[in-house]
2 protein chains.
Amino acid sequence: MKSEKISELTTNRLSVYLRCLNDLVTEGAKTVSSDGLAKRFHLNSAQIRKDLAYFGEFGVRGVGYYIENLRDQLTKILGLEKEHRVAIIGAGRLGTALADYYGFTQTNFSVAGLFDADSKKIGQTIGGVEIFDIKNFADIAKRDKIDVAVIAVPAPFAQNVLEQVAEAGIKAVMNFAPTPLRVENDVKLKTVDLTISLESLSYFLAQPNGSNSKNLKSNSNRRRIKQVEKV
Amino acid sequence: MKSEKISELTTNRLSVYLRCLNDLVTEGAKTVSSDGLAKRFHLNSAQIRKDLAYFGEFGVRGVGYYIENLRDQLTKILGLEKEHRVAIIGAGRLGTALADYYGFTQTNFSVAGLFDADSKKIGQTIGGVEIFDIKNFADIAKRDKIDVAVIAVPAPFAQNVLEQVAEAGIKAVMNFAPTPLRVENDVKLKTVDLTISLESLSYFLAQPNGSNSKNLKSNSNRRRIKQVEKV
DNA sequence: AATTTGTGTTTCAAGTGTGAAACAATATGA
DNA sequence: TCATATTGTTTCACACTTGAAACACAAATT
């Protein structure tokens, strides 16, 4: 099955375009060219046209794109015309913070509930969001039409939680636990690893010349490292 | 200047290796082979050896890697042997959540302070972290040896904040504001866009067949889209 | 009707990352 | 001493993404 696959980089850009279009709508503009869009990012116009052309012909030759129309099209393509219900698993610091954060953004994502295994937490309400027992996840997910799960539990529990969530029929999962997870490929898993991001920054700070490390590999250095090993 | 550049993907993997090595140390193992490490992730062993070889010869032929030694080496390479002081700009929901979150992880990153422009917030303490006036950022950064900044302000203010932070000499910035930012290239900027991540999940849900979109581009469909445009 | 603008689309080159394979070098153990 | 294990390193092919260029085509303007 040789299907034209849309890369994630492309859909990420669509997301950026959409955000920009929303700004343009509030600015009151009517049309925008691929070149006009390109200048807002650091992309070239051909890239933008290519991205959009994957999904249809939205532009008008000689004119550009009708902003509101393109916005609506992208909204549909990204599946943002209907509301998504999000479950956050793990009512610890990160989980509750995310519940608080997502709950108040003016997006199409609304937090349906927090889930935890700790009986002390179950039944509490944090920022208007109730904490449920993870054991009841499947039922509540069905009842509340939850379609997105966010994993915010400690790393050792993440795989188990992911399996429970997948078992309940959730097809889109965002993982904040700092550990690689495995999942059937009909489930989309997106891991955001804040630790890796921070450590990557740390690496940059540790390499003042901007990640030139050839010197570390020089012979003298290698030998020195070698000797240390022998100790 | 043709310096051997280490890709960010490589340093990200180093971060993952390090995490794994820490686990192995607590498990009490002494050595591990590249093959043994590879099985823990979904990588092949050559990749791991290649990644490590950028920085020196850490392994022992016929034996593998001495776990504690490799852990120490990676810790140094990633610059994690010394503590990093983090400033979080924006004492809103996300900022305070991150302060709370980072403050309690057992990493080498500690939160030095929150910064905001809202005079009502300044002087308050949240989870043991004081909120300072962003105007005093440069002084406090110097005093407290802050070397990492986290931007958690609304998108329209992010660029301005970034410039202030860079002006104060900060070389590593993590941005949570959903907007692209520009910065001198002696500053390392890492943007984590949770909105894009969520919308990318939404796209997946909207394309049930797993991102096969060739049908969207079929002629009949194109014509239909075209007609809608004409309305 | 001619010109201009800007999309839709194709093509090619370049850069990057991955995977697999191969092999010399070296440490361990029998 | 010899066999075995495993690293360090190179090489090649493959896939993916981007960038740039080119051009037909359609719409708007004059």
Side-chain angles (χ1 to χ4, degrees), chain A residues 2-14 16-17 29-39 41-67 69-70 73 211 214 216-219 221-223 225-227 229-230, chain B residues 2-14 16-17 29-39 41-67 69-70 73 211 214 216-219 221-223 225-227 229-230:
Chain A
K2 185 133 173 286
S3 61
E4 181 105 26
K5 215 155 171 232
I6 309 294
S7 87
E8 191 145 328
L9 293 177
T10 300
T11 62
N12 285 354
R13 279 193 298 270
L14 291 187
V16 173
Y17 301 157
K30 282 295 170 200
T31 64
V32 65
S33 67
S34 61
D35 220 48
L37 275 176
K39 276 172 193 147
F41 322 110
H42 42 296
L43 290 174
N44 69 354
S45 58
Q47 176 78 71
I48 294 180
R49 294 204 298 276
K50 221 186 276 179
D51 285 340
L52 296 177
Y54 278 126
F55 302 95
E57 298 185 0
F58 305 126
V60 182
R61 297 171 195 224
V63 177
Y65 300 92
Y66 287 102
I67 294 174
N69 176 45
L70 184 56
Q73 300 281 357
S211 64
K214 196 65 182 179
L216 264 178
K217 265 182 84 178
S218 73
N219 244 339
N221 215 319
R222 273 158 77 176
R223 206 149 292 286
I225 290 172
K226 205 66 191 302
Q227 287 171 354
E229 275 179 353
K230 282 186 179 163
Chain B
K2 185 136 175 283
S3 62
E4 180 106 25
K5 205 135 178 254
I6 309 292
S7 88
E8 190 147 329
L9 293 176
T10 299
T11 63
N12 285 355
R13 280 194 298 272
L14 290 187
V16 173
Y17 301 157
K30 282 295 170 199
T31 65
V32 66
S33 67
S34 61
D35 219 48
L37 275 175
K39 277 172 192 148
F41 323 110
H42 42 296
L43 290 173
N44 70 355
S45 59
Q47 177 78 72
I48 294 179
R49 293 203 299 276
K50 225 186 275 178
D51 286 339
L52 296 177
Y54 280 126
F55 301 96
E57 299 186 359
F58 306 126
V60 181
R61 298 172 195 223
V63 175
Y65 300 91
Y66 287 103
I67 294 175
N69 175 46
L70 185 56
Q73 300 281 358
S211 65
K214 196 62 181 180
L216 266 177
K217 264 184 84 177
S218 72
N219 244 338
N221 215 318
R222 273 159 78 176
R223 206 147 293 287
I225 291 171
K226 205 65 190 303
Q227 287 172 355
E229 277 181 350
K230 283 187 179 165

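Every chain is numbered from 1, with letters handed out A, B, ... down the list of sequences.
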Using the closest heavy atom to pick a nucleotide of DNA chain C for each, name whichever of Gly64(A) or Lys50(A) lands nearer the 5' end. Gly64(A)
Taking only the side-chain heavy atoms of Asn44(A) (C-beta and beyond), determine which of dG6(C), dG19(D), dT6(D) contains the nearest atom. dG19(D)
Touch class at under 4.0 angstrom, heavy-atom based, for Ser7(B) against every strand present: sugar-phosphate
From the set dG8(D), dA20(C), dG19(D), return the single nucleotide nearest to any side-chain atom of Leu43(A). dG19(D)
Give a yes/no on whether any side-chain N or O of Arg13(B) is located under 4.0 angstrom from OP1 or OP2 of dT18(C). yes
CA sep, side-chain torsions, deciding dist, call: Leu52(A), Leu70(A), side chain to side chain contact (heavy atoms under 4.5 Å, CB included): CA-CA 9 Å; Leu52(A) 296 177; Leu70(A) 184 56; 4.1 Å; yes
Nearest-angstrom distance from the residue atom CG of Leu52(A) to P of dG8(C): 7 Å
At what distance, to the nearest 0.5 angstrom, does CD1 of Ile48(B) lie from CG of Leu14(B)? 10.5 Å
d(CZ, Arg49(A); P, dC25(D)) in whole Å: 16 Å
State the OG-NZ distance between Ser34(A) and Lys50(A), to the nearest 0.5 angstrom. 12.5 Å
Quick one: is Gln47(A) getting a side-chain N or O under 4.0 Å of the dG19(D) phosphate, OP1 or OP2? yes
How close or far is atom P of dT28(C) from atom OH of Tyr66(B), stated in whole angstroms? 6 Å
Length of the CG-C1' vector between Leu9(A) and dC16(D), whole Å: 9 Å
Looking only at dT7(C), dA20(D), dT6(D), the nucleotide nearest the Arg61(B) side chain is dT6(D)
Provide, to the nearest angstrom, the distance between the CG atom belonging to Leu70(B) and the C1' atom belonging to dT7(D). 12 Å
Spatial distance of atom CG (Asp35(A)) from atom CZ (Arg49(A)) [nearest 0.5 Å]: 8.0 Å
Over how many whole Å does the gap from Ile48(B) atom CD1 to dG8(D) atom P extend? 12 Å
Interatomic distance, Tyr65(B) OH vs dA5(D) P [rounded to whole Å]: 18 Å
Can you tell me the distance, in whole Å, between the CG atom of Asn12(A) and the C1' atom of dT17(D)? 13 Å
Which is more 5' along DNA chain D, the nucleotide nearest Val32(B) or the one nearest Asp51(A)? Just name the residue. Val32(B)
Proximity to the side chain of Ala53(A) - top-ranked nucleotide from dT9(C), dA28(D), dT7(D): dT9(C)
Roughly how far apart are Thr11(B) OG1 and Tyr54(B) OH, rounded to 0.5 Å? 11.0 Å
